[in-house]
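Inspection log for the structure reproduced underneath, given as structure tokens.
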Amino acid sequence: MDAQQIKQFNHDLLDWFHTKGRQLPWRETNNPYYIWISEVMLQQTQVNTVIPYYNHFISRFPTPEALANAPEQEVLKCWEGLGYYSRARNLQHGVREMVENYDGRLPDNKGDLLSITGIGPYTAAALLSFAYDEPEPAIDGNLMRVLSRVFLIDDDISKQKTRKKFENLASDLIARTEPGAFNQALMDLGAMTCRPKKTDCLQCPVHAYCLAYDEGVQLEYPVKSGKVKLRSLNYAVLLIQDEQGRYLIEQRPEKGLLAGLWQFPMMSLDEYEEQSQRADYVRDRYGCAVAPVRKPFSYTHRFSHLIWRLTLLEGRGTTKKPLKTRQCWTAKDEFERYPFPVSHQKIIEWIKNNRQDHT
DNA sequence: AACGCGGGGTA
DNA sequence: TACCCAGCGTT
């Protein structure tokens, strides 16, 4: 595209955005801290899922200082169900860095932004363009999908190198007058019209420029390689109650999958294949025996990269055996005080529906 | 450069 | 069912 075509492209794109673009809570503010929160929540997460979390989060932590001073568990509680929990931890770390190193204000240059925990190339560019009107293209899945179609770019978007190519292209393209609107317009286009599996090209403000539309190959783009076969893991979930009917729960390790969240004890059935090994394991750790619940209950929980197949077992523990750190006895009506992954929220539901007899 | 990291929406 | 989503940190 020459300079004149770029200008026209921007005009058509921005004109559409100003009339048809989405109205979203984080577009109502200029507060870089709020915009930052929204950007972190929106990483790999769809807009409609984020909206209620965003509203609750900024009302619970209205200032950087409020978030910086909050206990991590409370931050995780506000993130419960949103997934990718390290985002919450990194966001709080990053906000603490901002409070300590930048006088509580978000820096307005790329280098400093990238040095903050949880801010990568995309989020830095988003903040610079949305909060500070800098012409930085925010390279995300939407932008790559839209531009790969418009310009018929067949590089593999799962490769790091390809990101650089889109960055160069978008840098030439981005509207100097309204860089933030340019980025948001491509996001809205990607979400509303130029979708992955179903396009709506006749509604698209730039279909006249689109090489893929011209050739009728929109759905062939973007090119993306590498699918992974997901592993399946079998676990027993142990419902261990003390003399008062309280349940034993444990906090997961600080690193790794679902870090810092709480769960009912789990025993790998792949690791301990024999019945006697399993009995020894439970006896050693929890001082009791377990058996399948009266009406057997198993279900699968699917993550993006693995599958848990969970089976409920129950047993009677005792408060006489001292608890280890990161364990506690919890009454049925106190589960809500702890962040649980969705896979274990299902178990809480099961308990509430199937065990109204004890507490 | 490759991998780990959640949960929900969509076709 | 099989992707896909306003990515980032670690290795």
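Below, read A as the first sequence line, B as the second, and so on, with proteins coming before strands; counting in each chain starts at 1. Since we're looking at a predicted model, the values are computed, not measured.
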When you check the phosphate oxygens OP1 and OP2 of C:dC5, does a side-chain N or O of A:Tyr84 lie under 4.0 Å from one of them?
no
Could you state the CH2-P distance from A:Trp36 to C:dG7, rounded to the nearest angstrom?
17 Å
If you find the nucleotide of DNA chain C closest to A:Pro196 and the one closest to A:Ile119, which residue's nucleotide is nearer the 5' end?
A:Pro196
For a side chain to side chain donor-acceptor pair (under 3.5 Å) with A:Lys77, tell me which candidate from A:Glu74, A:Gln73, A:Glu80 qualifies.
A:Glu80
Work out how far the P atom of C:dA6 is from that of B:dC3, and round it to whole angstrom.
24 Å
With hydrogens left out and only the distance checked, is there a donor-acceptor pair under 3.5 Å joining A:Thr49's side chain and the base of B:dG7?
no
Contact class for A:Thr123 (heavy atom, under 4.0 Å): base, sugar-phosphate, or nothing?
sugar-phosphate
Please measure how far the P atom in B:dG6 lies from the corresponding atom in C:dT11, and state the result in whole Å.
15 Å
Could you tell me whether the phosphate oxygens of C:dG9, OP1 or OP2, come under 4.0 Å of any side-chain nitrogen or oxygen in A:His93?
no
Could you tell me whether A:Val40 contacts a base, only the sugar-phosphate backbone, or nothing, with contacts defined as non-hydrogen atoms closer than 4.0 Å?
nothing
Any chance the side chains of A:Ser158 and A:Asp156 put a donor and an acceptor closer than 3.5 Å?
yes
Roughly how many Å is it from CH2 in A:Trp308 to C1' in B:dC5, rounded to a whole number?
12 Å
5′-ward residue of the pair A:Leu82/A:Gln46 relative to DNA chain B:
A:Leu82
Once rounded to the nearest 0.5 Å, what's the spacing between atom CZ of A:Arg87 and atom CH2 of A:Trp79?
5.0 Å
Among B:dG6, C:dC5, C:dA6, which nucleotide sits nearest the side chain of A:Lys224?
C:dC5
So which one's nearest nucleotide on DNA chain B is more toward 5', A:Tyr85 or A:Lys159?
A:Lys159
Check A:Arg22 against A:Ala191 and note the closest heavy-atom contact, atom names and distance.
NH1-CB, 3.5 Å
Rounded to whole Å, CD of A:Glu97 lies from C1' of C:dC8 at a distance of 14 Å
With no hydrogens and no angle check, just 3.5 Å: does a side-chain donor-acceptor pair link A:Tyr247 and A:Asp242?
no
Closest to the 5' end of DNA chain C, once A:Arg22 and A:Thr117 are matched to their nearest nucleotides, is A:Arg22
Closest nucleotide among C:dG7, C:dC5, B:dG6 to the A:Leu258 side chain:
B:dG6
With sugar-phosphate meaning primed atoms plus P, OP1 and OP2, does A:Trp26 contact a base, only sugar-phosphate, or nothing at under 4.0 Å between heavy atoms?
base
Would one find a side-chain N or O of A:Ser38 under 4.0 angstrom from OP1 or OP2 of C:dA6?
no
To the nearest angstrom, the CG-C1' distance between A:Leu143 and C:dC4 comes to 16 Å
At under 4.0 Å between heavy atoms, what does A:Ser86 touch on the DNA or RNA strands: base, sugar-phosphate, or nothing?
nothing
Figure out the NE2/P separation between A:His344 and B:dG6, and round it to whole Å.
13 Å
Test item: side-chain donor near acceptor, A:Asn90 and A:Thr117, under 3.5 Å:
no
Atom CD of A:Gln345 and atom C1' of B:dG7: how far apart are they, to the nearest Å?
10 Å
Can you tell me if A:Asn90 touches the phosphate of C:dC8, counting only side-chain N or O atoms and a distance under 4.0 Å to OP1 or OP2?
no
Nearest whole angstrom, please: distance from the C1' of C:dC4 to the CG of A:Asn48.
14 Å
For a quick check of understanding: with a heavy-atom distance under 4.0 Å over all strands, which category does A:Leu24 fall into, base, sugar-phosphate or nothing?
base
Looking across every strand, which nucleic acid part, if any, lies under 4.0 Å from A:Gln160 by heavy atom: base, sugar-phosphate, or nothing?
sugar-phosphate
Could you tell me the separation between the CZ atom of A:Phe303 and the P atom of C:dC4, rounded to a whole number of Å?
21 Å
Side chain of A:Gln44, heavy atoms from C-beta onward: which of C:dG7, C:dC8, C:dA6 has the nearest atom to it?
C:dG7
Picking from A:Lys161, A:Lys165, A:Lys164, what satisfies side chain to side chain donor-acceptor pair (under 3.5 Å) with A:Asp155?
A:Lys165
Regarding the side chain of A:Val342, the nearest nucleotide among C:dC8, C:dC5, B:dG8 is B:dG8
